[in-house]
Amino acid sequence: MSSSTRSPRSRAPRLNAMDFASLPHRFGDRDQIGALRTAEELLEPEQSGERAWRISGRVLGRRGQGGVTFIDLEDVTGRVQLLAELERMGEEAYEVVRSVSIGDLVGVQGTAFRTRRGELSLQVAEWTFLAPCRLPFPDRHHGLQDVEVRHRQRYLDLMTDAEARERFIARARMIASIRRSLDEADFVEVETPVLQPLYGGAAARPFITHHNTLDRDLYLRVATELYLKRLVVGGLEKVYELGKDFRNEGVSHKHNPEFTMLEFYEAYADCEDVMGRTEQLVVAAAQAVCGTTKVTIKGQEIELAGPWPRITLGAAIEEKTGINPMTLGRDPKPLEDYLKSQGIDTSRDKTWAQLVDHLLSHYVEPTLISPTFIIDYPVELSPLSRRKPGEDGVVERFEAFCGGMEISNGFSELNDPDDQRARFEEQAEMGRAGDDEAHPVDEDYVTALEYGLPPTGGVGLGIDRLAMLLTGQETIREVVLFPAMRT
RNA sequence: GGGCCGUUAGCUCAGCUGGUAGAGCAGGGGACUCUUAAUCCCAAGGUCGAAGGUUCGAGCCCUUCACGGCCCA
């Protein structure tokens, strides 16, 4: 990385001599700049407001004109110009204000005033220096262009780019909306272990860590699924968890090794029910963040309001490749031949299921820009899903795709302990065949099923990816505050 | 993991065919009583990502490495 802030050149002597202990510890009774702007909007040029305002924030601009100095002050709600006048303040106070540096944090009291040129301003009556900015500030006009610095020193990005701030505030509103939707539907929010003796609930490689006192390795969870369903067995009936999962895999525009996932489980419901609830959650979140259900992704305006079209996995792959893997038995040969004929490396696809997954992610996923449910997955790809009656080898499962990404995955939960044990064994076999994302056997989970899991529907929803959709971003790093970087 | 591109002042960027480093902004000093990227004057600011190599001479050419970006897997 560039040695951006490593060798600060000294700034004004006043800053080097500054005694932090003498600076105020608080600046109370603050007004928000946004509120000031709204309340004083109707002021005419050269007219003063009635009330005193008390605002604070960061200095982002300064224009001097002899006996008048203009300063741009910004807080999280907005920006306003400060007007300091030698004639009104006296020389001593005026010089203090005039010596402020870009980046400094200050508190100001005064009345609103609209300048001759029509700019709403705060006429400075009292000035409190709160904290210095000791390092040179990023370029005011171009902003911070270096993507690496924006991510490693996100505070600089947030300081200089109001859009970046708004994006993360939008993400927070989205998450609040999701919680509100589930809470209003009588779901219980729970917290399950991040450190797990055995990982499960998703096809993924885990991070491994070590507990010193217990002297044993533990896994960081790849999903919350198996714990949440244990809670449904316990009678909590409708549960959800919103938190970080960890997958020891590559980093890309849609993958961060730690990411935020929502999972919810609803007893006495099935795949159909949770598909509907997924649509509703997304629509409510879009309304909360954007005020509309139309968003623009990759230059296309898309409609998020349901019902989302549904297409079976076999038909979706057939539409793009001419091959329907679900009608060819479980023969990997035609799938492998097709991929190879297209010049695609299949050396890491050890099993029929991996080949199907490869076809889906390569030919289907990138084309699904508007929200779409892919349904009717093969049982080999779905070790925790309930079988679909009347269709051999197929389960009641969906994945929702949008913006060319998987955003959600849900199903009718498998509650037959014997079948579950057999699926785990089959996964173990696939693991031995070279699938390093295969599930490990979780006997304790099977035991929970032996006590009786009601018919249940459940869903995982990728929060970062939904945030990408609702904020119009094409990389996950722009919706994660501190994305994974090489150190 | 592979391919391509990038890394020069605190920030944003120039830098020709190889001849020893430039601007704007920020920061420092000064002028200026309604500015909006204010303007004007002065001074200061560099291990050119790192290490090797070629050369009389390397920011520039070659090799390796680090970090980042984009694409592919």
Side-chain angles (χ1 to χ4, degrees), chain A residues 1-17 43-48 58-74 79-91 94-95 97-104 113-124 132-153 156-157 159-161 249-255 339-340 342-349 354 357-359 361-363 365-366 404 436 474-478 483-487:
Chain A
M1 87 183 243
S2 59
S3 60
S4 49
T5 58
R6 293 276 169 71
S7 51
R9 291 171 308 115
S10 65
R11 286 190 35 171
R14 75 187 168 87
L15 292 182
N16 295 333
L43 279 183
E44 297 290 331
E46 299 199 67
Q47 187 187 355
S48 289
R58 194 180 288 275
V59 171
L60 288 180
R62 192 191 62 180
R63 296 170 291 281
Q65 180 87 20
V68 183
T69 294
F70 302 93
I71 290 164
D72 294 324
L73 190 73
E74 190 168 84
R79 183 186 293 210
V80 72
Q81 173 173 275
L82 307 180
L83 168 61
E85 290 168 294
L86 171 61
E87 221 166 69
R88 296 168 81 80
M89 302 178 71
E91 189 161 348
Y94 180 73
E95 281 306 315
V97 172
R98 210 167 79 114
S99 71
V100 76
S101 281
I102 287 176
D104 288 347
F113 177 77
R114 193 178 291 279
T115 64
R116 273 171 235 164
R117 296 293 177 88
E119 180 77 26
L120 182 63
S121 307
L122 189 76
Q123 209 156 26
V124 177
C133 173
R134 294 211 294 201
L135 293 175
F137 214 66
D139 190 284
R140 212 158 83 229
H141 320 132
H142 302 93
L144 196 58
Q145 297 298 311
D146 187 326
V147 175
E148 181 178 358
V149 176
R150 289 205 296 112
H151 293 160
R152 286 189 194 275
Q153 294 176 274
L156 291 176
D157 187 29
M159 260 180 230
T160 53
D161 184 357
E249 293 164 356
V251 174
S252 82
H253 69 101
K254 54 183 183 179
H255 295 91
L339 284 162
K340 281 182 173 165
Q342 301 295 305
I344 292 169
D345 176 19
T346 57
S347 61
R348 292 203 295 192
D349 301 322
Q354 283 178 308
D357 199 34
H358 197 156
L359 288 167
S361 59
H362 191 269
Y363 290 102
E365 180 171 3
D436 57 8
E474 290 181 22
T475 119
I476 195 169
R477 288 189 293 269
E478 297 302 346
M485 308 280 282
R486 277 177 216 254
T487 46

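Throughout, protein chains are lettered first and strands after them, A, B, ... in sequence-line order, and every chain is numbered starting at 1.
Every residue meeting the side chain to side chain contact (heavy atoms under 4.5 Å, CB included) condition with D436(A), not counting sequence neighbours, appears here in chain and number order: R205(A). By the side chain to side chain contact (heavy atoms under 4.5 Å, CB included) test, E74(A) is found to be paired with L60(A), R79(A), R165(A), residues two or more places apart in sequence or in another chain being considered. With sequence neighbours excluded, the residues forming a ring-ring contact (aromatic ring centres under 6.0 Å, His included) with Y363(A) are Y338(A), listed by chain and number. Among residues two or more places apart in sequence or in another chain, the side-chain hydrogen bond (donor to acceptor under 3.5 Å, both in side chains) test is passed with D357(A) by none.
Atom-to-atom, CD of Q153(A) to P of G10(B) comes out at 13 Å; the value is rounded to the nearest Å. The distance between atom NE2 of H141(A) and atom P of A26(B), rounded to the nearest whole Å, is 6 Å. A straight line from CD of Q65(A) to P of U33(B) spans 7 Å, rounded to a whole angstrom. The interatomic distance linking L135(A) (CG) with G28(B) (C1') rounds to 16 Å, in whole Å. Spacing between atom CG of L60(A) and atom P of A26(B) amounts to 13 Å, rounded to whole angstrom units. The CZ atom of R134(A) sits 19 Å away from the C1' atom of C11(B) (whole-angstrom rounding). When rounded to the nearest whole Å, the span between NE2 of H142(A) and P of U12(B) equals 9 Å.
Closest-nucleotide positions on RNA chain B for G66(A) and R477(A) were compared, and the one nearer the 5' end corresponds to G66(A).
At a cut-off of 3.5 angstrom, the base of G24(B) holds at least one donor-acceptor pair with the side chain of D139(A).
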Intermediate values then yes/no, side-chain contact (heavy atoms from CB on, under 4.5 Å), L83(A) and F70(A): CA-CA 5 Å; L83(A) 168 61; F70(A) 302 93; 3.5 Å; yes
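Backbone-only engagement by Q145(A) is indicated by non-hydrogen atom pairs under 4.0 Å involving sugar-phosphate atoms exclusively.
Defined by atom type and a distance below 3.5 Å, a donor-acceptor pair is missing between the side-chain atoms of R348(A) and Q354(A).
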Look for any protein N or O under 3.5 Å of an N or O in nucleotides 71-73 of chain B and output each such pair with its distance, or none.
residue : atom : partner : partner atom : Å
A73(B)  : OP1  : H362(A) : NE2          : 3.0

Pair assignment for RNA chain B - dot-bracket with | for other-strand partners, Watson-Crick or G-U under 3.5 Å: (((((((..((((.....[..))))..((((.......))))......(((((..]....)))))))))))).
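Under the salt bridge (Lys or Arg N to Asp or Glu O under 4.0 Å) rule, D72(A) has a single partner from R62(A), R58(A), R63(A), which is R63(A).
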